[in-house]
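See below for the structure under consideration.
One is the number of the first residue; the rest follow in order along the sequence. Bear in mind the structure is a predicted one, so any value in this text is a computation, not a measurement.
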Amino acid sequence: MTERTTTAVLPQEPENTTTKPFKVLAINGSPRRQWNTGKMLMRALEGAASKGAQTEFIHLHPMNIKGCASCFACKQKGGKSYGRCALKDDLAEVLRKVDEADAVLIGTPIFWSNATSCTRALIERMLFRHVLYDAEMTTLVPRKKPIGLVFTMNVDQETAKAWGYQQTIDGIAASFGRAYGAENVSTVVAFDTYQFADYSKYETSMWDEPHKRAWHDEQFPRDLDTAFELGARFAAASV
């Protein structure tokens, strides 16, 4: 007698066709959360969200953060922090989110010809951990991603060039290009921004307030539209 065997056929689990949402992270390096720089970043996030992206806004200024400590733990061969920043403060969590994001927007006003101090701390620790000192300047960035740099300033474009602001912007963009690839770095600049809600309360005689108000009313909505388009373009590229 031949023994007959049967094989049970288990039901197939449905294939997981869900995809993770495209994450866009905006980091505000301005002391003011909801002034020119913050508004530009929020508008960029609205653009990203319009294309289905998941967005997050981080305000750096209130955080307990430091710049690079020059400990070189990120470059120590075989070290536990190789390719990562070893400092443990509020910026550590921000850097984790930077690495998880699919696109990153960083905004700063220009203060005395440079980014704000908290933005500088972010740039130092975001980039230095990933760039090696080998002959090829190898980058340890886990994956290349779009980087959007948003700059605001209260001087016009001609003055920005004369005072070296454009050189600062170009230098910061080039630094990100070395780590993430120049083709992945985009820059948006808002010139001659409106700095105070009421100019009469402050010593501001070097500025022509009616001109700045007229310029702000005409130009800043266009700058916000440019920021929106940047966020939308980043998110649309993932589709």
Side-chain angles (χ1 to χ4, degrees), residues 18-61 63 93-110 115-116 118-119 122-123 126-127 141-154 157 160 165-166 168-170 172-177 179-195 215-239:
T18 61
T19 58
K20 293 193 302 181
F22 190 82
K23 296 181 180 180
V24 180
L25 175 68
I27 304 173
N28 181 25
S30 172
R32 296 192 277 188
R33 182 184 181 91
Q34 295 180 331
W35 204 244
N36 298 309
T37 308
K39 289 177 180 178
M40 292 280 284
L41 289 172
M42 289 301 296
R43 190 65 175 144
L45 290 183
E46 290 172 7
S50 74
K51 300 297 182 180
Q54 177 181 319
T55 65
E56 182 176 359
F57 181 96
I58 292 177
H59 187 46
L60 276 186
H61 193 263
M63 294 184 174
E93 176 65 9
V94 176
L95 293 177
R96 184 188 67 78
K97 292 186 176 184
V98 164
D99 291 341
E100 290 181 351
D102 298 299
V104 179
L105 300 158
I106 299 171
T108 180
I110 297 295
T116 61
C118 59
T119 307
L122 170 68
I123 293 170
M126 180 176 169
L127 299 184
V141 171
R143 59 190 172 100
K144 302 297 176 69
K145 64 187 68 178
I147 302 291
L149 304 175
V150 176
F151 298 92
T152 63
M153 62 192 73
N154 70 332
Q157 192 167 2
Y165 289 8
Q166 189 61 52
T168 295
I169 291 169
D170 293 343
I172 292 174
S175 295
F176 277 93
Y180 287 90
E183 71 279 4
N184 296 313
V185 180
S186 301
T187 301
V188 173
V189 184
F191 297 98
D192 208 1
T193 54
Y194 207 69
Q195 200 168 12
W215 174 263
H216 175 272
D217 291 346
E218 177 183 354
Q219 181 60 37
F220 195 60
R222 297 174 183 168
D223 295 331
L224 292 173
D225 287 345
T226 301
F228 181 95
E229 291 165 4
L230 176 67
R233 174 163 58 85
F234 279 5
S238 69
V239 178

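Partners of Asp170 according to the salt bridge (Lys or Arg N to Asp or Glu O under 4.0 Å) rule, which considers only residues two or more places apart in sequence or in another chain, do not exist here. Residues satisfying the ring pair (Phe, Tyr, Trp, His ring centres under 6.0 Å) criterion with Tyr180, sequence neighbours excluded, are absent altogether.
Looking at every heavy atom in both residues, Pro31 comes nearest to His59 through O-NE2, 3.5 Å. Residues Ala190 and Met40 share a closest heavy-atom pair of CB-CE, 4.1 Å. Across all their heavy atoms, Gly148 and Leu230 have their closest contact at CA-CD2, 4.2 Å. The shortest heavy-atom contact between Thr119 and Gly29 is OG1-CA, 3.2 Å. Nearest heavy-atom pair, Thr55 versus Ala49, reported as atom, atom and distance to 0.1 Å: CG2-N, 4.2 Å. Residues Leu127 and Ala179 come closest through the heavy atom pair CD2-CB, 3.9 Å.
Residues Ile123 and Phe176 are in side-chain contact: their nearest non-hydrogen atoms beyond the backbone lie under 4.5 Å apart. Counting heavy atoms from C-beta outward, Leu95 and Met126 have side chains that approach closer than 4.5 Å. For the pair Ser186/Phe234, a side-chain contact is recorded, criterion being any heavy-atom separation below 4.5 Å from C-beta on. Between Phe191 and Gln219 there is no side-chain heavy-atom pair separated by less than 4.5 Å. Within the 4.5 Å cutoff, no side-chain heavy atoms of Asp223 are placed close to those of Val188. Within the 4.5 Å cutoff, the side chain of Val104 has no heavy atoms near those of the Lys97 side chain. Side-chain atoms of Ser30 and Thr116, non-hydrogen and from C-beta on, never get closer than 4.5 Å to each other.
Note: Met63 CE to Ile27 CD1 = 8.5 Å, rounded to the nearest 0.5 Å. Considering CG of Asp225 and CZ of Arg43, their distance stands at 6.0 Å, rounded to 0.5 Å. Distance CD1/Ile106 to CD1/Ile172: 9.5 Å, rounded to 0.5 Å. Remark: Lys39 NZ to Arg32 CZ distance equals 9.5 Å, nearest 0.5 Å. Rounding to the nearest 0.5 angstrom, the gap separating the CH2 atom in Trp215 from the CZ atom in Phe220 is 12.5 Å. Remark: Thr193 OG1 to Asn36 CG distance equals 4.5 Å, nearest 0.5 Å.
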Derivation of the side chain to side chain contact (heavy atoms under 4.5 Å, CB included) call for Asn154 and Ile110
CA-CA 8 Å; Asn154 70 332; Ile110 297 295; over 6 Å; no

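Within a 6.0 Å radius of CD in Glu100, more than 12 heavy atoms belonging to other residues, nucleotides or ligands are found.
The backbone N or O of Glu56 lies less than 3.5 Å from no partner atom in the side chain of Lys23, so there is not a single donor-acceptor pair. Side-chain atoms of Lys51 never come within 3.5 Å of backbone atoms of Ala237 as a donor-acceptor pair (strictly under, hydrogens ignored).
The only member of Thr108, Val189, Leu149 that meets side-chain contact (heavy atoms from CB on, under 4.5 Å) when paired with Ile169 is Val189.
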